[in-house]
2 protein chains.
Amino acid sequence: MAKQVTIKEIAQMAGVSPGTVDRILHNRGNVSASSTEAVERVLAATGYKYNIHTSAISLKKTYRIIIAIPTAVKGEYWGIVQLGIERAIEEYSDINIQCEYAFYNQFDIYSCRSSFRSILDRNPNAVIIGATFASETAILCEKLDNAGIPYAFVDSVVEGTKPVVTYSSDQNACGRIVGRLLELFSPGYDAEFAVFGSRRTGNERATNSMSRISGLLEYFNERKSGRTIKESKISVLDPEESEKDILRFLNDNPKVKCIAILNSRGYIIADILASHSIEDINIVSFDLTTNNSRCLEEGSIAAVICQRPELQGFHAVKSLIHALLYNVRDKDIHHFMPADIIIRENLMFYQEIFIN
Amino acid sequence: MAKQVTIKEIAQMAGVSPGTVDRILHNRGNVSASSTEAVERVLAATGYKYNIHTSAISLKKTYRIIIAIPTAVKGEYWGIVQLGIERAIEEYSDINIQCEYAFYNQFDIYSCRSSFRSILDRNPNAVIIGATFASETAILCEKLDNAGIPYAFVDSVVEGTKPVVTYSSDQNACGRIVGRLLELFSPGYDAEFAVFGSRRTGNERATNSMSRISGLLEYFNERKSGRTIKESKISVLDPEESEKDILRFLNDNPKVKCIAILNSRGYIIADILASHSIEDINIVSFDLTTNNSRCLEEGSIAAVICQRPELQGFHAVKSLIHALLYNVRDKDIHHFMPADIIIRENLMFYQEIFIN
DNA sequence: GTTAATTTTGTGCACGTCCACGGAATAAAT
DNA sequence: ATTTATTCCGTGGACGTGCACAAAATTAAC
């Protein structure tokens with residue numbers, strides 16, 4: 001509410017010209033130690049803040065942001081992330097922002113590698129990274145660091161890097177939530193739980209799934225309820241195979257009343273069960289994709305944990321813009337998204353996206 | 001991404017001066033029919049959009065927004081709404097916005113009446129209304145309509161009014177969610193449910209509570225599960241009285257394993273039960289207030305339904321600013337907040353507020 | 001047909017920041 | 001001491017909109 005201090009006022013107080021203040025604010029160099037000190041003192045005293053509006057007008061530079069994420073499919077996880085990104089660009093349509101996507105196959109490290117390699121050649125001002133392969137990502141980040149190009153992580157964070165900002169979920173905590181939901185959705189006292197991962201070679205979002213499962217196990221260990229968890233894998237690539245897998249599993253484990261799928265493919269299991277009219281088994285999955293949304297409505301999925309992918313995309317862009325234009329970085333680098341629990345009864349509310 | 005058309009360009013195309021275009025855009029009058037028509041044709045053809053940044057700079061007017069809501073207590077529902085409002089004002093700190101609160105006692109219609117009566121005298125440019133008493137609110141809205149002052153609703157909507165925008169929850173749907181949660185949090189097949197309202201004369205947020213209860217009953221009717229719901233009231237004003245009420249109720253209804261409280265005062269029941277070491281009863285309540293938050297952590301409350309009050313406050317301010325400054329109104333007037341389900345395991349995520 | 005009143009239109013400045021340009025001051029080189 | 005290079009600094013225009021004021025055009029009044 002307090003009146004904004006202007007650059008001109010700062011200059012006057014420090015006994016220099018506005019141009020000098022500007023140079024210091026954008027550390028453009030070519031300014032003497034004495035002036036720097038004088039201005040910085042005034043800056044600290046007054047708590048100067050950029051006026052985003054006026055800087056936006058006079059800025060005519062075009063910023064190129066490259067978005068390096070797994071291929072975005074409409075209605076699936078990365079597609080929703082993209083939605084948030086586009087929304088942010090619209091919000092900042094007064095600024096010239098050029099978005100280029102560098103998609104890669106999240107199941108193919110070679111695709112990731114070749115995609116990441118070309119990024120610097122494309123001359124980005126900033127990069128948004130949806131990391132799958134830690135090693136490849138680390139290499140990219142080092143190159144970006146050397147070039148002084150700011151970057152942000154969405155969905156997951158790779159250790160040892162220096163992002164401007166990250167938007168992700170605490171997957172370990174999500175695993176604990178799954179644990180709780182498994183209990184809740186298992187009626188009766190003798191029910192057993194099951195967890196399905198995917199039978200797949202390579203490390204498809206391995207880190208996320210691993211963290212989820214360790215959180216889940218942690219939860220049950222602490223509870224000491226004596227209940228058992230059956231783990232199993234299903235093959236994703238071959239539908240017939242996975243159908244057989246599941247039916248065999250249920251036959252072997254008749255006490256299982258609730259199955260958690262630690263990725264976004266709960267709808268596959270749900271559809272298989274529905275096609276066999278198996279209705280007494282509750283399914284918990286991740287991500288509010290179109291398919292999972294449909295299954296929630298139909299009742300074949302009991303609950304979905306959602307980590308606001310659109311918000312992640314939106315904020316990543318927003319933070320990078322602030323870093324680029326106003327040279328402002330958030331104090332907190334790591335932001336964790338809420339883990340929304342979505343059931344049939346509150347599903348409708350999550351269709352309208354509130355990001356700004 | 002398409003290049004913005006400027007007023008100057010519009011003027012040139014229409015063969016008039018920029019001033020004339022400006023007059024038409026702000027319908028300031030004093031412009032001939034022929035010019036109006038010419039400009040409006042160009043306007044429609046080009047799809048002109050205000051550049052918020054440049055208009056923000058040249059605008060030096062101070063806007064006074066009056067916020068007429070129940071007394072905001074830190075950590076309680078309206079306190080969190082206020083948080084969102086303040087956040088919005090900070091976000092728009094480049095614009096001169098003056099916020100004045102007109103608090104009233106939500107349990108006292110006379111307090112509301114006198115508060116609402118003074119609002120027009122305070123010369124607002126816009127008003128945010130947190131409605132409790134429908135009749136009083138309708139009177140206020142009519143006066144605002146006549147004066148041409150835009151207003152927004154938060155938390156609830158009063159019929160027959162013409163707000164610029166509303167941010168609220170579908171309370172009926174929230175009632176259905178409660179129904180589902182009651183089932184989930186009642187282990188065993190013979191458990192009964194209970195719903196507590198507050199024993200209070202007058203209509204404290206009556207509409208909201210009523211809608212919730214009807215949604216809840218609807219849900220159980222549709223389910224035809226044959227389960228019974230016990231309804232009861234507890235007195236809020238007298239702690240000793242409410243303690244007796246509850247213990248008597250539980251004694252009379254030993255099969256009740258889950259109690260829903262249809263307002264934000266679940267923590268009161270939770271604390272009473274905890275003080276008697278009653279641990280096998282799950283409590284479901286509304287609103288993530290400080291107290292409910294604490295009870296979730298302690299485990300004395302099982303779940304809370306939260307309707308993002310901070311988001312409501314934030315967006316109400318944002319929409320009004322857009323209406324005032326840029327003469328832009330959202331197409332959709334009524335916005336419904338997501339109903340987040342919060343349990344101990346995902347509580348931590350809802351402490352950081354993501355509104356923008 | 002001249003003057004006055006009124007409506008309509010154009011012009012120009014301000015807002016705060018960015019940044020290019022050129023001038024001033026200082027240091028280095030001869 | 002003069003020239004040249006280098007560092008440092010101030011000035012002023014541009015961005016697009018809002019708005020006040022003056023100019024022009026139209027209408028009304030006599």
Side-chain angles (χ1 to χ4, degrees), chain A residues 2-40 43 46 48-63 92-96 125 321-322 324-328, chain B residues 2-40 43 46 48-63 92-96 125 321-322 324-328:
Chain A
K3 201 198 160 283
Q4 294 276 354
V5 193
T6 71
I7 286 186
K8 215 191 276 181
E9 286 167 335
I10 301 270
Q12 202 171 15
M13 287 191 250
V16 296
S17 77
T20 305
V21 178
D22 181 69
R23 267 181 286 269
I24 290 167
L25 283 171
H26 299 84
N27 34 273
R28 265 195 265 276
N30 284 338
V31 44
S32 69
S34 62
S35 304
T36 308
E37 203 219 1
V39 171
E40 252 157 16
L43 241 31
T46 55
Y48 173 76
K49 253 184 65 187
Y50 283 82
N51 182 325
I52 39 169
H53 296 301
T54 47
S55 35
I57 336 168
S58 35
L59 233 17
K60 44 200 136 248
K61 203 165 173 305
T62 294
Y63 290 95
Y92 287 95
S93 62
D94 310 294
I95 300 166
N96 286 328
N125 297 102
I321 288 179
H322 276 252
L324 285 173
L325 269 75
Y326 316 125
N327 218 11
V328 173
Chain B
K3 201 201 161 281
Q4 295 275 356
V5 193
T6 70
I7 285 186
K8 214 191 276 182
E9 287 167 336
I10 300 272
Q12 203 170 15
M13 288 190 247
V16 296
S17 77
T20 306
V21 179
D22 181 70
R23 268 180 286 270
I24 290 166
L25 283 171
H26 299 83
N27 33 273
R28 265 194 264 277
N30 284 339
V31 44
S32 69
S34 63
S35 305
T36 308
E37 203 219 1
V39 170
E40 253 158 16
L43 241 31
T46 55
Y48 173 77
K49 255 183 66 188
Y50 283 83
N51 181 325
I52 43 166
H53 295 302
T54 47
S55 39
I57 335 167
S58 37
L59 231 17
K60 47 201 135 243
K61 205 165 172 305
T62 295
Y63 290 96
Y92 287 95
S93 61
D94 311 295
I95 300 165
N96 286 327
N125 298 101
I321 288 179
H322 276 252
L324 284 173
L325 267 74
Y326 317 126
N327 220 11
V328 172

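Here the structure is a predicted model, which means the values were calculated and not measured. First the proteins, then the strands, lettered A, B, ... as listed; each starts at 1.
- Spacing between atom NZ of A:Lys8 and atom C1' of D:dG10 amounts to 13 Å, rounded to whole angstrom units.
- For D:dC9, the OP1/OP2 oxygens have a side-chain nitrogen or oxygen of A:Ser35 closer than 4.0 Å.
- For D:dT17, one of the phosphate oxygens OP1 or OP2 lies less than 4.0 angstrom from a side-chain nitrogen or oxygen of B:Tyr48.
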For this session: Carefully, step by step, assess A:Leu25 and A:Tyr48 under the rule side-chain contact (heavy atoms from CB on, under 4.5 Å).
Result: CA-CA 10 Å; A:Leu25 283 171; A:Tyr48 173 76; 3.7 Å; yes
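- Put simply, A:Ser32 has no side-chain N or O that comes within less than 4.0 Å of OP1 or OP2 on D:dT7.
- Closest approach to the B:Asn30 side chain among D:dC9, D:dC19, C:dT9 is made by C:dT9 (side chain taken as heavy atoms from C-beta onward).
- Proximity note for B:Asn51 (side chain, C-beta onward) versus C:dT8, C:dC19, D:dT17: the nearest is D:dT17.
- Here D:dG16 presents its P atom at 13 Å from CD of B:Gln12, a figure rounded to the nearest Å.
- Atom NZ of A:Lys49 has more than 12 neighbouring heavy atoms from other residues, nucleotides or ligands inside a 6.0 Å radius.
- Annotation: the span from A:Gln12 atom CD to A:Ile7 atom CD1 amounts to 14.0 Å, rounded to 0.5 Å.
- A pairwise comparison of heavy atoms in B:Ser35 and B:Ile24 identifies O-CD1, 4.1 Å as the closest pair.
- Mapping A:Asp22 and B:Ala33 onto DNA chain C by nearest heavy atom places B:Ala33 at the nucleotide closer to the 5' end.
- In this structure, A:His53 places its NE2 atom 15 Å from C1' of D:dG18, rounding to the nearest Å.
- Following rounding to the nearest Å, A:Tyr50 (OH) and C:dC19 (C1') show an atom-to-atom distance of 13 Å.
- The CG atom of A:Leu43 sits 11 Å away from the P atom of C:dT17 (whole-angstrom rounding).
- Side chain of A:Val16, nearest nucleotide from D:dG10, C:dG10, D:dG18: D:dG10.
- In terms of position on DNA chain C, the residue among B:Thr54 and B:Pro18 whose nearest nucleotide sits closer to the 5' end is B:Pro18.
- Applying the 3.5 Å distance criterion, the base of D:dG18 shares no donor-acceptor pair with the side chain of B:Arg23.
- Atoms CZ (A:Arg28) and C1' (D:dT7) sit 17 Å apart, rounded to a whole Å.
- A close approach under 4.0 Å does not occur between any side-chain nitrogen or oxygen of B:Ser17 and OP1 or OP2 of C:dT11.
- Remark: P of C:dC19 and CG of A:Leu25 are 12 Å apart, rounded to the nearest angstrom.
- Closest to the B:Ile57 side chain, of the nucleotides D:dC8, D:dG18, C:dC15, is C:dC15.
- Taking 4.0 angstrom as the limit, B:His26 places a side-chain polar atom (N or O) nearer than this to OP1 or OP2 of D:dG18.
- When the C1' atom of C:dT17 is taken as reference, atom CD1 of A:Ile10 falls 13 Å away, rounded to whole Å.
- Relative ring orientation between A:His26 and A:Tyr50 is described as perpendicular, the plane-to-plane angle rising above 60° on a 0-90° scale split at 30° and 60°.
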